[in-house]
Amino acid sequence: MSHLSQRPEKPVVGVPMPHESAALHVTGAALYTDDLVHRTKDVLHAYPVQVMKAHGRITALRTGPALAVPGVVRVLTGVDVPGVNDAGMKHDEPLFPDTVMFHGHAVAWVLAETLEAARLGAAAVEVELDELPSLVTLREAIDAGSFHGARPEMLSGDVEAGFADSAHVFTGELRFSDQEHFYLETHAALAHIDEAEQVFVQSSTQHPSETQEIVAHVLGLHSHEVTVQCLRMGGGFGGKEMQPHGFAAVAALGAKLTGRPVRVRLNRTQDLTMSGKRHGFHAQWKIGFDADGRIRALDATLTADGGWSLDLSEPVVARALCHIDNTYWIPNARIAGRVARTNKVSNTAFRGFGGPQGMLVIEDIMGRCAPLLGLDPTELRERNFYRPGQSTPYGQPVVRPERISAVWQQVQDNAGIADRKREIAAFNAAHPHTKRALAITGIKFGISFNLTAFNQGGALVLIYKDGSVLINHGGTEMGQGLHTKMLQVAATTLGIPLHKVRLAPTRTDKVPNTSATAASAGTDLNGAAVKNACEQLRERLLGVAATQLGSSASDVRIVEGVARTLGSDRELAWDDLVRTAYFQRVQLSAAGFYRTEGLHWDAKAFQGSPFKYFSHGAAAAEVEVDGFTGAYRIRRVDIVHDVGDSLSPMIDIGQIEGGFVQGAGWLTLEDMRWDNSDGPNRGRLLTQAASTYKLPSFSEMPEEFHVALLRNATEEGAVYGSKAVGEPPLMLAFSVREALRQAAAAFGPSGVSVELASPATPEAVYWAIQAARGNDTSRNGHTGDGSASGRTTRHGTEALSGA
């Protein structure tokens, strides 16, 4: 076993424990960025001047009326920017634009003594606009040829030969929705300038180093003149990876110009209308199977709705291409990707980062094609699982493919699948107007950042004279339990009780040049860096202990806060050891670092090994559907997930449950609507609140929910043998969508193939039922907003019609 994955005697990792801030969360004592406003004197409040048109050139911007509003101190516009007027890493996101690119685009910010004065001031600003044509839907952008950014293509094998060898060829398309992050805490920043003209920004950001970089270049400063701190976030899910930078820059610019602290905090409607979402996608595909139902070839084009600027759209599309295979070997593939430019908010990272979109395409194909092949969907999936020696379409070997089958088999055993399928068949035969179905889906999700340079982490660990320990690392806490795991890693590595260790807020002046807390790599990168720093300190202390105990350092072990020599009853308490080290002038601080080894990626050729390892999981979901309304309930979900050797089982199970529910929301409930009419509100987001945007709640939770961790699953070469857990569980929710598809099909004749819109709302399920019954095929998959699940054709002859 590698040094990185090996666990010492009596480790603190692996012990179930609650989130380190759980008590603070539930009592309201946990501080978030905007809570600091009430602890800060003379704060000015910033409010955006939003233009409610989808596209247009600004011909006049009059701020004078705002300055006449009592309490208004200043209006920030582009002329006030001393550095670069841009809030994006691609330099395509003007902080103060001269062209409105989406409905609700902020063109100026009003600073005032109170939030109400700032709101009234923003309403008083006069903006004149020369309206321009807009592209609101993904279909409009595709038809107009409106694209930006890279257009990667992934090639493997001989696609034409693969289709020639195929006994069955199907073509189709799929359109599926974007998704709102809907974190509980909206975007927030608080900036002030100290006596040395240093800029200090408190920000709700997943990427403090990049927030620091953007603030610095907007203000025309160097990074060492700007410090960014993130206490914690009330949720992020990727929505706070790139998007907080502009809001932090507005606060910092206001503080620089007025000399007073400035607060930016979006209300819910502003957050929904100004910040990006998960990318909606369109997929066009052609797939070939041999006579036994094994995939021979896949040709697909994936188009992401990028919105008005690039943001992270290019790597999102790249990851979608890398995950279109999911758990299935595709020997011959040609997959193209592109980013559509629309007049909507700039879409961004969201849990899974393109992976769910790519995987949804292949799972939808399998669900639609299984009946056409005369196979049970479970059997079709099993026949196409990766096997030893096989590689992904981008050339990375799939090591340990047996884990795909292991989680699959374990979830079938745990859930009693065979018996329940017989019960469901009997129920369906006895109930003509209500049907049940049970579907199983698996996942294979690559862990590491697409860009190799991001796969590095840093930490700073301090031991004080009294034996207490303070750790700093580059990761941010958004409720996912990263800090809890870092505390456990530090205590385990040093060999001390958990109560001896405390964790400081994430700050750019403690650990520099950090990567975003994203890509499910937070624990892998920061945990290994914390472990590295603690190992440096432990080695120094072992030398001190050896001197005190009269032995060799290699014979000393520190366990549960006591240093002992092997084969001796002599011991030295941790606090005494640390005090002795101080008087011997031994350094009691260390900077840790980690870089993920073994990664290589050629972005142009779209080939390489971009991932450290793959996470696996399988879920079985049972649903019941009402044939009159399409309404449904999730009766039971069983999950087996691979987290390696869990660092913190309670945290990991919570992440699996939460990720699954969020995925089910994306696939079944969360239906974002935009005004795509030619009226005065064209481009307006219609689902601007929780009253119109349906989020998963207790009533949508599975009535039975069973989660198990894969046993004996140590991941070699990862921190203490663990695996990432943040993103992969979201894709387990494919099982719910596939169960709904099968339930809708049960209303029709045996072997019917059902197309299902995404999100599979009750309305969409109803139209799928109608299509299965043969009563209405013209609206199959219709979602009410002009989108549809598409159409499937077989050997060039239409087998199922779409909208």
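Side-chain atoms of E670 and Y693 form a donor-acceptor pair, as typed in the model, at a separation below 3.5 Å. A donor-acceptor pair shorter than 3.5 Å can be found between the side chains of D645 and T714. For D271 and Y183, the side-chain atoms include at least one donor-acceptor pair closer than 3.5 Å. Using modelled atom types, one finds no donor on one side chain facing an acceptor on the other under 3.5 Å when comparing S275 with Q243. Remark: the T514 side chain and the S209 side chain contain an N/O donor-acceptor pair separated by less than 3.5 Å. Defined by atom type and a distance below 3.5 Å, a donor-acceptor pair is missing between the side-chain atoms of E738 and T441. Judged purely by distance below 3.5 Å, without hydrogens or angles, the side chains of H483 and H473 pair a donor atom with an acceptor atom. When only modelled atom types and interatomic distance are considered, T493 and Y720 share a side-chain donor-acceptor pair under 3.5 Å. With 3.5 Å as the limit, one finds no donor-acceptor pair spanning the side chains of T476 and T506. With 3.5 Å as the limit, one finds a donor-acceptor pair spanning the side chains of R507 and Q229. Side chains of T327 and K444: no donor on one and acceptor on the other come within 3.5 Å.
Considering only heavy atoms from C-beta on, M233 stays 4.5 Å or farther from T33 through its side chain. Taking the side chain as every heavy atom from C-beta outward, V623 and R635 never approach each other to under 4.5 Å. F449 places a side-chain heavy atom less than 4.5 Å from the side chain of S515. Using a 4.5 Å heavy-atom threshold, the side chains of Q488 and M17 count as touching. A 4.5 Å side-chain heavy-atom check between L470 and L460 finds every atom pair outside the cut-off. Side-chain atoms of F705 and V661, non-hydrogen and from C-beta on, do get closer than 4.5 Å to each other. A 4.5 Å side-chain heavy-atom check between V399 and Y613 finds every atom pair outside the cut-off. Under the 4.5 Å side-chain criterion, counting only non-hydrogen atoms from C-beta, I471 is not in contact with R502.
Note on R633 versus E624: salt bridge recorded, some NZ/NE/NH1/NH2 to OD/OE distance being below 4.0 Å. Comment: D524 does not engage K612 in a salt bridge, judged by the lack of any side-chain N to carboxylate O separation of less than 4.0 angstrom. With respect to the salt-bridge test (charged N to carboxylate O, under 4.0 angstrom), the residues R400 and E715 qualify. A salt bridge does not link E363 to R737: none of the charged side-chain nitrogens sits closer than 4.0 Å to a carboxylate oxygen. A salt bridge links E571 with R564: the closest approach of a Lys/Arg side-chain nitrogen to an acidic carboxylate oxygen falls below 4.0 angstrom. Taking a cutoff of 4.0 Å between a charged side-chain nitrogen and a carboxylate oxygen, E560 and K10 qualify as a salt bridge. Between R636 and E703 there is no salt bridge, since no side-chain N of the basic residue sits under 4.0 Å from a carboxylate O of the acidic one. By the 4.0 Å N-to-carboxylate-O rule, R579 lies too far from D466 to be salt-bridged with it.
With values rounded to the nearest 0.5 angstrom, I634 atom CD1 is found 13.0 Å from E704 atom CD. The NZ atom of K485 sits 13.0 Å away from atom CD of E20, with the distance rounded to the nearest 0.5 Å. We find the OG-CD distance between S177 and Q179 to be 8.0 Å, quoted to the nearest 0.5 Å. To the nearest 0.5 angstrom, Q662 atom CD is 6.0 Å from L730 atom CG. If you take CZ on F614 and CG on D642, they are separated by 12.5 Å, rounding to the nearest 0.5 Å. To the nearest 0.5 angstrom, T492 atom OG1 is 10.5 Å from L487 atom CG.
Of all heavy-atom pairs spanning S615 and A724, the tightest one is OG-O, 3.6 Å. The nearest pair of heavy atoms linking A490 to V530 is CB-CG1, 3.9 Å. Counting all heavy atoms, side chain and backbone alike, L709 lies closest to S646 at CD1-CB, 4.0 Å. When every heavy atom of Q587 is checked against every heavy atom of L537, the shortest pair comes out as O-CD2, 4.0 Å. Closest heavy-atom contact between L482 and E477: N-OE1, 3.0 Å. Taking both residues in full, the closest heavy atoms of A590 and Q536 are given as CB-OE1, 3.8 Å, listed atom of the first, atom of the second, then distance.
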Does S203 form a side-chain hydrogen bond (donor to acceptor under 3.5 Å, both in side chains) with T211? I'd like the steps, not just the answer. CA-CA 8 Å; S203 176; T211 301; 4.6 Å; no
H641/L710 under side-chain contact (heavy atoms from CB on, under 4.5 Å): CA gap, chis, key distance, verdict: CA-CA 6 Å; H641 196 69; L710 182 66; over 6 Å; no
side-chain hydrogen bond (donor to acceptor under 3.5 Å, both in side chains) between Q206 and T517: does it pass, once the steps are laid out? CA-CA 5 Å; Q206 292 175 233; T517 304; over 6 Å; no
After noting the C-alpha distance and the side-chain angles of K694 and D671, does the key distance pass the salt bridge (charged side-chain N to carboxylate O under 4.0 Å, His left out) rule? CA-CA 7 Å; K694 178 62 175 172; D671 193 6; over 6 Å; no
Would you check, one step at a time, whether the test side-chain contact (heavy atoms from CB on, under 4.5 Å) holds for Q456 with L525? CA-CA 6 Å; Q456 57 177 296; L525 299 178; 5.7 Å; no
Would S204 and K240 count as a side-chain hydrogen bond (donor to acceptor under 3.5 Å, both in side chains) if you check the C-alpha gap in whole Å, the side-chain angles of each, and the deciding distance to 0.1 Å? CA-CA 7 Å; S204 184; K240 294 176 181 175; 3.1 Å; yes
Mind running side-chain contact (heavy atoms from CB on, under 4.5 Å) on R265 and T186 for me, showing each step along the way? CA-CA 7 Å; R265 198 266 297 168; T186 58; 3.7 Å; yes
Test log, rule side-chain contact (heavy atoms from CB on, under 4.5 Å), inputs V461 and N472: CA-CA 6 Å; V461 177; N472 304 264; over 6 Å; no
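Ring geometry for F237 versus F350: interplanar angle under 30°, hence parallel rather than tilted (30 to 60°). The aromatic rings of H245 and H207 lie perpendicular to each other, with more than 60° between the two planes, well past the 30° mark. Using bins of under 30°, 30° to 60° and over 60° for the plane-to-plane angle, the ring pair F247/H187 lands in the tilted bin.
The 12-atom threshold is exceeded at CZ of R268, counting heavy atoms of other residues, nucleotides or ligands nearer than 6.0 Å. The number of heavy atoms from other shown groups lying within 6.0 Å of CZ (F200) is above 12. Other residues, nucleotides and ligands contribute at most 12 non-hydrogen atoms within 6.0 Å of the CZ atom of F454.
Listed for the T40 side chain is no donor-acceptor partner under 3.5 Å among the backbone atoms of V43.
The six-membered or imidazole ring of Y464 lies away from that of Y582, with a centre-to-centre distance of 6.0 Å or more. F611 and H323 have their aromatic ring centers within a separation under 6.0 angstrom.
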